[in-house]
Every structure is written in structure tokens, then in C-alpha cells.
Asks: 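To start, I am sharing the structure in question, which I have written as C-alpha cells.
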Amino acid sequence: LDGLRMVGTIIKGGQLYALVRTPENTLYKVRKGDHMGQNYGLIISISDTGIELREIIQDGVGDWTESKATLSLQE
């Protein structure tokens with residue numbers, strides 16, 4: 001999630017979306033079920049304060065493991 005920042009939320013069509021800004025200053029609208037980040041994390045929840053993702057990452061010995069990551073709202 002290097003460089004990605006959650007900058008807000010919006011509701012469109014009854015669906016909650018998070019607004020995410022990239023280091024290149026591009027703004028994206030993402031929702032639960034979308035993928036994001038360099039580890040292609042699955043967005044499992046969005047709240048007014050952050051985005052929770054589930055990532056599959058390789059550990060130091062080469063085994064793949066599931067990990068949770070959070071991208072918090074940046075004020």
C-alpha cells in the first residue's frame with residue numbers, strides 16, 4: 001500500500017466507496033470486493049475511518065500466507 005492514501009468516502013447508488021489517492025495524485029473510487037495495492041489485496045471492508053484488505057504474500061522462506069492490511073483515512 002506504499003504511497004496510497006485514503007482521502008474520504010462517498011455513497012453512490014446505496015454503495016459505500018472509498019476515495020484513494022495515488023502518489024501520482026490520481027484519485028480512484030474503490031468498493032468492497034475490488035483489488036488494490038502491489039499485493040493485489042482484496043478489499044473486505046470500508047468504513048469512514050479506513051479500508052481493510054486481505055492480501056496473500058510470500059514470507060521470507062517462500063511460503064504463501066494470508067495477511068490483513070489497513071489503509072487509514074488521511075486527514
Side-chain angles (χ1 to χ4, degrees):
L1 301 175
D2 272 349
L4 296 177
R5 298 180 315 163
M6 179 182 169
V7 295
T9 57
I10 59 171
I11 296 176
K12 184 175 181 183
Q15 175 76 46
L16 179 64
Y17 291 86
L19 300 174
V20 177
R21 187 174 308 276
T22 67
E24 295 80 22
N25 213 28
T26 303
L27 190 63
Y28 288 96
K29 177 177 68 174
V30 297
R31 64 181 175 181
K32 184 178 175 181
D34 287 347
H35 292 269
M36 64 181 277
Q38 68 187 43
N39 293 320
Y40 203 59
L42 176 67
I43 297 173
I44 55 176
S45 70
I46 296 174
S47 71
D48 289 338
T49 59
I51 302 169
E52 187 174 355
L53 300 108
R54 184 176 58 228
E55 300 176 319
I56 305 297
I57 57 173
Q58 196 169 21
D59 64 18
V61 295
D63 293 331
W64 292 93
T65 184
E66 187 175 292
S67 174
K68 286 190 179 177
T70 302
L71 184 62
S72 297
L73 177 66
Q74 298 289 308
E75 307 256 348

Asks: Mind checking the CD-CG spacing from Gln74 to Leu19? Nearest 0.5 Å is all I need.
Replies: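 Rounded to the nearest 0.5 Å, the CD-CG separation comes out at 13.5 Å.
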
Asks: I need the Leu71 CG to Ile43 CD1 distance, nearest 0.5 Å.
Replies: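 So the gap between those two atoms works out to 9.0 Å.
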
Asks: Just to verify, what does Glu66 make a side-chain contact (heavy atoms from CB on, under 4.5 Å) with, not counting sequence neighbours?
Replies: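 Testing Glu66 for side-chain contact (heavy atoms from CB on, under 4.5 Å), a comparison that skips the adjacent residues, returns Arg54, Ile56.
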
Asks: Kindly indicate whether the side chain of Val20, heavy atoms from C-beta on, has any atom under 4.5 Å from the side chain of Ile51.
Replies: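 Side-chain contact under 4.5 Å: yes.
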
Asks: Write down the atom of Ile46, the atom of Val30, and the distance for their closest heavy-atom approach.
Replies: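 For Ile46 and Val30, the tightest heavy-atom pair comes out as CD1-O, 3.6 Å.
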
Asks: Which pairs of donor and acceptor atoms, one on a side chain in residues 5-15, lie under 3.5 Å apart (sequence neighbours left out)?
Replies:
unit_1 : atom_1 : unit_2 : atom_2 : d
Thr9   : OG1    : Asp48  : OD1    : 3.4

Asks: If you round to the nearest 0.5 Å, how far is CG of Asp63 from CD1 of Ile57?
Replies: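 Result: 11.5 Å between the selected atoms.
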
Asks: Show me the pairs that pass ring pair (Phe, Tyr, Trp, His ring centres under 6.0 Å) and involve residues 15-37, at least two apart or across chains.
Replies: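 Listed once each, the pairs are His35-Tyr40.
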
Asks: Per the salt bridge (Lys or Arg N to Asp or Glu O under 4.0 Å) rule, what does the pair list look like for residues 18-31, sequence neighbours excluded?
Replies: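 Passing the test, one end in residues 18-31: no pairs.
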
Asks: Begin from the C-alpha positions of Leu53 and Thr70 and carry the test side-chain contact (heavy atoms from CB on, under 4.5 Å) through to its verdict.
Replies: CA-CA 6 Å; Leu53 300 108; Thr70 302; over 6 Å; no

Asks: Got a sec, which pairs hit ring pair (Phe, Tyr, Trp, His ring centres under 6.0 Å) with one end in residues 41-75, sequence neighbours left out?
Replies: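 Every pair satisfying ring pair (Phe, Tyr, Trp, His ring centres under 6.0 Å) with a residue in residues 41-75: there are none.
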
Asks: Hydrophobic side-chain clustering at under 4.5 Å (ILVMFWY, transitive links): who's grouped with Leu42? Put none if nobody.
Replies: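 Besides Leu42, the hydrophobic cluster comprises Ile44, listed by chain and residue number.
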
